[in-house]
Undergrad: 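Input: one structure, supplied below.
Just follow the structure's listing: the first ligand is 1, and inside any ligand the first atom is 1. Residue numbers count from 1 along this sequence.
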Amino acid sequence: MMVITMLVNMDKMLKKAQREHYAVAQFNINNLEWTRFILEECNSNSSPVILGVSEGAIKYMGGYKIVVDMVNDLIAYLNITIPVSIHLDHASSFESCKKAIDAGFTSVMIDASSETLDNNINITKQVVDYAKDHNVTVEGEIGHIGSNEDSNNNGILYANVEDCIKYVQATNIDFLAPALGSVHGPYHGKPILNFDRMIEIAHQTKLPLVLHGGSGIYDEQIRQAIDCGIVKLNINTELQMAWTKAVRIKLQDDKEVYDPRKIIKAGEEALKKVVRDKIQLLGSFHKQ
Ligand code: 13P
């Protein structure tokens, strides 16, 4: 008998990855079709998956509950058997995390990284207390992971090791996303990641680490990052670019098409290829 997946938090999923030295991808979702494509491709590769949902994407799709219901219904309809986490990405407040948890998200990231360390600790602690009562895992951020606009100059900020230790001890979070030189969105040139810092933070905090801004990081850098303690890699922009490129070609080549299902589907294979390639690179296939 086939056992259908229930949503899970990231605890077992990422501890197993940490033990066995691979990483799990967080693929960000924007709509029903993307969610379906990602679930299908991860399931075909027997890879666990984290569906990342930003506050903007939640607003776009119609709220926290619709996202959880959509994912649950797709899992049942598609007979998905891999572990799936649904994770709030870069929550801006405790209230947002609470709404996600109440709606059934299994994991949340609180991003109070632009606050002072003490404020970041206080906000994160509040989230952790609520989340633990609901069997929900929590990711926190130290240092600020911005976009290329902040980092294309001398502004790259790497997380401070002492801050990481203090933050982890004071908050009891499950996973840490320290700023390590990656940025959200496209890079200008090769990313400059601080691997020594990565090793030191992983060693000192003992926590599974998360690397944001996974799109555009070179394959060999990703492999090295996994060796240094990264167990979760977030990918959004690469999916968006691959899907859009394929859809743009479809629209240029086929001037008659008007059915939105055909237009959206034109990006399916390109999006699935990104998912497949990342799963291979991270080593998470056949790890369910
Ligand atoms: P990219 O859009 O650069 O892949 O970053 C995704 C991310 O880190 C989401 O939190």
Undergrad: Could a heavy atom of Val183 be found less than 4.0 Å from some atom of ligand 1?
TA: yes
Undergrad: If you look only at distance, which donor and acceptor atoms sit under 3.5 Å apart when one is on a side chain in residues 60-70 and the other is two or more places apart or in another chain?
TA:
| residue | atom | partner | partner atom | Å |
| --- | --- | --- | --- | --- |
| Tyr64 | OH | Ser96 | OG | 2.9 |
| Lys65 | NZ | Asp69 | OD2 | 2.6 |

Undergrad: Side chains of Tyr130 and Asp102: donor-acceptor distance under 3.5 Å anywhere?
TA: yes
Undergrad: Is there a side-chain contact between Ile142 and Leu117, using heavy atoms and a 4.5 Å cut-off?
TA: yes
Undergrad: Could you establish whether Gly52 and ligand 1 come within less than 4.0 Å of each other, counting only heavy atoms on the residue side?
TA: no
Undergrad: Identify, for atom 2 (O) of ligand 1, the protein heavy atom at the shortest distance, and state residue, atom and that distance.
TA: Thr237 OG1, 2.5 Å
Undergrad: Considering distance alone, does some N or O of Gly213 sit under 3.5 Å from an N or O of ligand 1?
TA: yes
Undergrad: Between Asn120 and Glu141, is there a donor-acceptor pair closer than 3.5 Å when you use the side chain of the first and the backbone of the second?
TA: yes
Undergrad: Would you say His144 and Ser114 are linked by a side-chain donor-acceptor pair, where the criterion is simply a distance under 3.5 Å?
TA: no
Undergrad: Are His90 and ligand 1 in contact, using a heavy-atom cut-off of under 4.0 Å?
TA: yes
Undergrad: Could you tell me which atoms of ligand 1, counted from 1 in the order shown, lie closer than 4.0 angstrom to a heavy atom of His212?
TA: 8 (O), 10 (O)
Undergrad: Taking distance alone, with no angle check, do Asn28 and ligand 1 share an N/O pair under 3.5 Å?
TA: no
Undergrad: Between Glu139 and Ala177, which heavy-atom pair has the shortest distance, and what is it?
TA: OE2-CB, 3.6 Å
Undergrad: Any Lys/Arg nitrogen of Asp73 or Arg36 sitting under 4.0 Å from an Asp/Glu carboxylate oxygen of the other?
TA: no
Undergrad: Strictly below 4.0 Å, N to O, side chains only: are Glu41 and Lys278 in salt-bridge contact?
TA: no
Undergrad: Ignoring angles and geometry beyond distance, decide whether Glu238 reaches within less than 3.5 Å of ligand 1 through its nitrogen or oxygen atoms.
TA: no
Undergrad: In the protein, which heavy atom is nearest to atom 4 (O) of ligand 1, and how far is it?
TA: Ser215 OG, 2.5 Å
Undergrad: Between Asp89, Ile235, Ile217, flag the one that comes closest to atom 10 (O) of ligand 1 by a heavy atom.
TA: Asp89
Undergrad: Can you tell me which residue and heavy atom of the protein come closest to atom 3 (O) of ligand 1, and the distance to 0.1 Å?
TA: Gly185 N, 2.9 Å
